[in-house]
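All remarks here apply to the structure that follows.
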Amino acid sequence: MAGETPRGTALDGSAQGGTALATAAASAAATAAPDAPGDTPGDAKTGPESAKPPSGVGNAAPDSGTADLESGITVSASSEAIKDNPETATKARPESGDAPDDAPGESAEPGRGRGRGLWTLARRNPVFSVIIAIAALLRLVAMLGYQPVMFFNDSFDYLNVAMDPYPHPLRPDGYSFLLLVLKPFHSFALVAGLQHLMGLAMGVMIYALLRRRFGLPGWGAALASAPVLLDAYQLQLEHLVLSDTTFTFLVMCAVTLLLWHDRPTWKIAASVGLIVGLAWLTRSVGMPVLLGVLVYMLIRRSGWRLMAVTLVACLLPVLGYMGWYKAESDKFAITESNGIFLYARVYKFADCHRMEDLPVSEYPLCTEPANRLPNSQDGIWNARSPLNRYTGTRFSPENNKLGNDFAKRAIAAQPLDYARVVAHDFFRVFQWKRTVFPDPATYSQYEFEKKSRPLPDWHMPGGGTAAQDARGYEHGNARTQVVEPFAGAARGYQDVFYLRGTMVGGILLLGLAGLIPLWRRFGGEALLPWTLATGLLLAPAATAEFDYRYVLPAVPLAALAAGLAFRPEARATAAGWTRRLTGRGKNAATPPAEPAAQESPEAARVTA
């Protein structure tokens, strides 16, 4: 990192005219680009003081294969310059006001102009256009086949808060606030439609970053977006009243903002912090996301001021929520469940005989191996859970404190056993076969089913039942209706087209391999999505237990990191290593070549 030239700044400030020479080199490369087959532009940089490319130079012919997703401008650059010196390459960006070369005389009618613009955009990105069209069609089929929406057990807690807001002790209320905002429309179909749009938007973010920002070819960027857009279980998760889709969308928005800019401004830093704060209030695992973002900004040398802006912007909504929680429950917190979930993590291996000075009040949490229930989560939800030996509500401050203290004592006394269960659940993610877990009743809720489930009659806090909350939100019948043949098409698709655990592991390994060529910069931009994806898979294994729904939020980040492994900079660095390794063997057997002609000082500066 020491001595590394910041991206987006002048490469040689001491040489007069260096900027002009670099601009001339970029223009010449853009002119020659169509003659270079297989060129993949988009990864070179220019300083802010560099002159903009002259008209007709920055825009390549339509067959050059590079599309601008924002304005439809075709940009061309030289891959040879990137290969020779990938870390100090320069990037020529066209002006935002330029018009596409192949769209002269466009109709002045607004409707027709927009239609032609969309067609031009689709024609320049054919593979991605086909994939996102199929993805949109699949989501339409799901909405037609399962009306108005599908429910999971947790759905009714979110609904209960949306009907009469209060700080829920089990999980933060961020997703309930979204339901509250949509409540005046009284439409679960609107909730499902918005979540499906979030899923499509995540695919667009991956494609735009890889194609526009990091210079991948269109087919490669489209392939990276496919796991998010076409996975059947991602599609079904978007159709459930659950927080996971909203959380993943918020994290992807923050990552996209941060990666789109080499040096983020304070406005970008504040926006990223605010989005991460909202993600934290949507799911508690958002706190590790904040840590990952701050560490990335530290490695990228964004500066302490920008890091402070990000932190403050993130904490503003979180502290506001905690203040509301204290006003309602007299405790400055977000939930009363972290200790109870950690107790569930140690429930399967905790041996009270190995804990020193265990308080008497925690003796009821001890369970002999012969009496333990099958799964870790049974330590919370099963009627025979040791937590039910205490009086009062399950997620009370007292129970949360006892569970937290007991779990920490178990981890300190049995660190190897704790590491074993965490590793077991983490690597369970990568199994090829998708097995029924944790039980058939829970697992079936992650599937498109043949029959409609009746709304449950559980009693909810504040009075009423879960079914009443659902009917009150919808202002009518909210029970899921299975409509054929659309539901059958969704089920048939889910039986075949889904992302297996081994495929998730392969995507993560591709992303990890992409970090190696840029090891001097800690993997470059790919470090952020890869570490966040790995962290989102590891956090449930360390604090609760494996669950299939906890895997899907990591997939968009992992796919983005895998795509970054094939960016021109990483490929050029890896190719340079290969040339040096093969060149050593050749040099040992062949005489040295004749010295090349002396370069002029101007040419040397252009090369640099």
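Everything numeric here is computed off the predicted structure, so don't read it as measured data.
- For residues 140-159, every residue pair satisfying the salt bridge (Lys or Arg N to Asp or Glu O under 4.0 Å) rule, not counting sequence neighbours, is listed here: D154-R171, D154-R549, D157-R171.
- Of the possible donor and acceptor atoms, one in the side chain of Q468 sits under 3.5 Å from a partner among the backbone N and O of T465.
- For the pair T256 (side chain) and M252 (backbone), a donor-acceptor distance under 3.5 Å is present.
- Looking at heavy atoms from C-beta onward, P172 lies out of side-chain contact with T282 at the 4.5 angstrom threshold.
- Counting only heavy atoms from C-beta outward, the side chains of T531 and V295 never approach each other to under 4.5 Å.
- For the pair T480 (side chain) and Q147 (backbone), a donor-acceptor distance under 3.5 Å is absent.
- Residue L178 holds its CG atom at 7.0 Å from CD of Q195, rounded to the nearest 0.5 Å.
- Note: R300 CZ to L298 CG = 12.0 Å, rounded to the nearest 0.5 Å.
- When atom types are taken as modelled, the side chain of N388 and the backbone of N382 share a donor-acceptor pair closer than 3.5 angstrom.
- Under the 3.5 Å distance criterion, the side-chain polar atoms of Y343 are matched with a main-chain donor or acceptor of L365.
- Y158 and S243 share a donor-acceptor pair across their side chains, judged by distance under 3.5 Å alone.
- Y363 meets the side chain to side chain contact (heavy atoms under 4.5 Å, CB included) test with L358, V360; sequence neighbours excluded.
- Nearest heavy-atom pair across G379 and L387 is O-CD1, 3.4 Å.
- Atom OG of S329 sits about 12.0 Å away from atom OH of Y166, to the nearest 0.5 Å.
- Considering all non-hydrogen atoms of both residues, S376 and E545 come closest at N-OE2, 3.1 Å.
- The two residues E362 and F406 have their closest heavy-atom pair at OE1-CA, 3.4 Å.
- Using a 4.0 Å cut-off between charged nitrogen and carboxylate oxygen, R491 and D495 do not count as a salt-bridge pair.
- Side-chain contact check for K450 versus V482: every heavy-atom pair is 4.5 Å or farther apart.
- Distance check: I132 CD1 to L200 CG gives 5.5 Å after rounding to the nearest 0.5 Å.
- Between the R389 side chain and the P364 main chain, a donor and an acceptor come within less than 3.5 Å of each other.
- Contact annotation: the side chain of P386 never approaches that of C366 to less than 4.5 Å [non-hydrogen atoms, C-beta and beyond].
- A pairwise comparison of heavy atoms in A201 and F249 identifies CB-CE1, 3.8 Å as the closest pair.
- Looking at heavy atoms from C-beta onward, E398 lies out of side-chain contact with Y390 at the 4.5 angstrom threshold.
- Under the 6.0 Å cut-off for aromatic ring centres, F188 and Y473 qualify, their centroids lying closer than that.
- Of all the heavy atoms in P556 and P553, the pair that sits closest is CD-O, 3.6 Å.
- Relative ring orientation between Y498 and Y233 is described as perpendicular, the plane-to-plane angle rising above 60° on a 0-90° scale split at 30° and 60°.
- With hydrogens and angles left out, the side-chain atoms of N400 and N338 include a donor and acceptor closer than 3.5 Å.
- The neighbour count for K401 NZ, taken as heavy atoms of other residues, nucleotides or ligands under 6.0 Å away, does not exceed 12.
- Between R394 and W381, some side-chain heavy-atom pair lies under the 4.5 Å cut-off.
- Although no hydrogens or angles enter the test, the distance criterion places no donor-acceptor pair under 3.5 Å between the side chain of N375 and the main chain of Q377.
- Taking the six-membered ring for Trp and thresholds of 30 and 60 degrees, F156 and F151 have nearly parallel ring planes, at less than 30 degrees apart.
- Classified by interplanar angle (parallel below 30°, tilted 30° to 60°, perpendicular above 60°), the ring pair Y321/F177 is perpendicular.
- The minimum heavy-atom distance between V228 and Q234, with the atom names listed, is O-CG, 3.4 Å.
- Looking only at distances, no side-chain donor or acceptor of D417 sits under 3.5 Å from a matching main-chain atom of A350.
- Remark: H186 NE2 is packed, more than 12 non-hydrogen atoms of other residues, nucleotides or ligands lying under 6.0 Å away.
- Looking only at atom types and distance, the side chain of S444 has a donor-acceptor partner in the side chain of R453 under 3.5 Å away.
- Of the possible polar contacts, none joining the Y347 side chain to the R372 backbone as a donor-acceptor pair under 3.5 Å is found.
- Summarising the local packing, CD of E484 is surrounded by more than 12 heavy atoms from other residues, nucleotides or ligands at distances under 6.0 Å.
- Ring to ring, Y548 and Y446 are not that close: their centroids are 6.0 angstrom or more apart.
- Atom CZ of F332 sits in a crowded spot, with more than 12 heavy atoms from other residues, nucleotides or ligands closer than 6.0 Å.
- Remark: L532 CG to L527 CG distance equals 8.5 Å, nearest 0.5 Å.
- In summary, the side chains of Y325 and D173 do not present any donor paired with an acceptor at a separation below 3.5 Å, with no hydrogens or angles considered.
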Would you give me the side-chain donor-acceptor pairs under 3.5 Å for residues 418-437, sequence neighbours excluded?
| from | atom 1 | to | atom 2 | distance (Å) |
| --- | --- | --- | --- | --- |
| Y418 | OH | A542 | O | 2.8 |
| D425 | OD2 | R345 | NH1 | 2.9 |
| D425 | OD2 | R345 | NH2 | 3.4 |
| D425 | OD2 | F546 | N | 3.0 |
| R434 | NE | Y443 | OH | 3.2 |

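- Each of T442, L237, V241, D244 was scored for a side-chain contact (heavy atoms from CB on, under 4.5 Å) with F152, with one residue passing: T442.
- Separating the CG atom in L316 from the CG atom in L278 is a distance of 10.5 Å, to the nearest 0.5 Å.
- Looking only at distances, a side-chain donor or acceptor of T310 sits under 3.5 Å from a matching main-chain atom of A269.
- Looking at heavy atoms from C-beta onward, L290 lies in side-chain contact with L311 at the 4.5 angstrom threshold.
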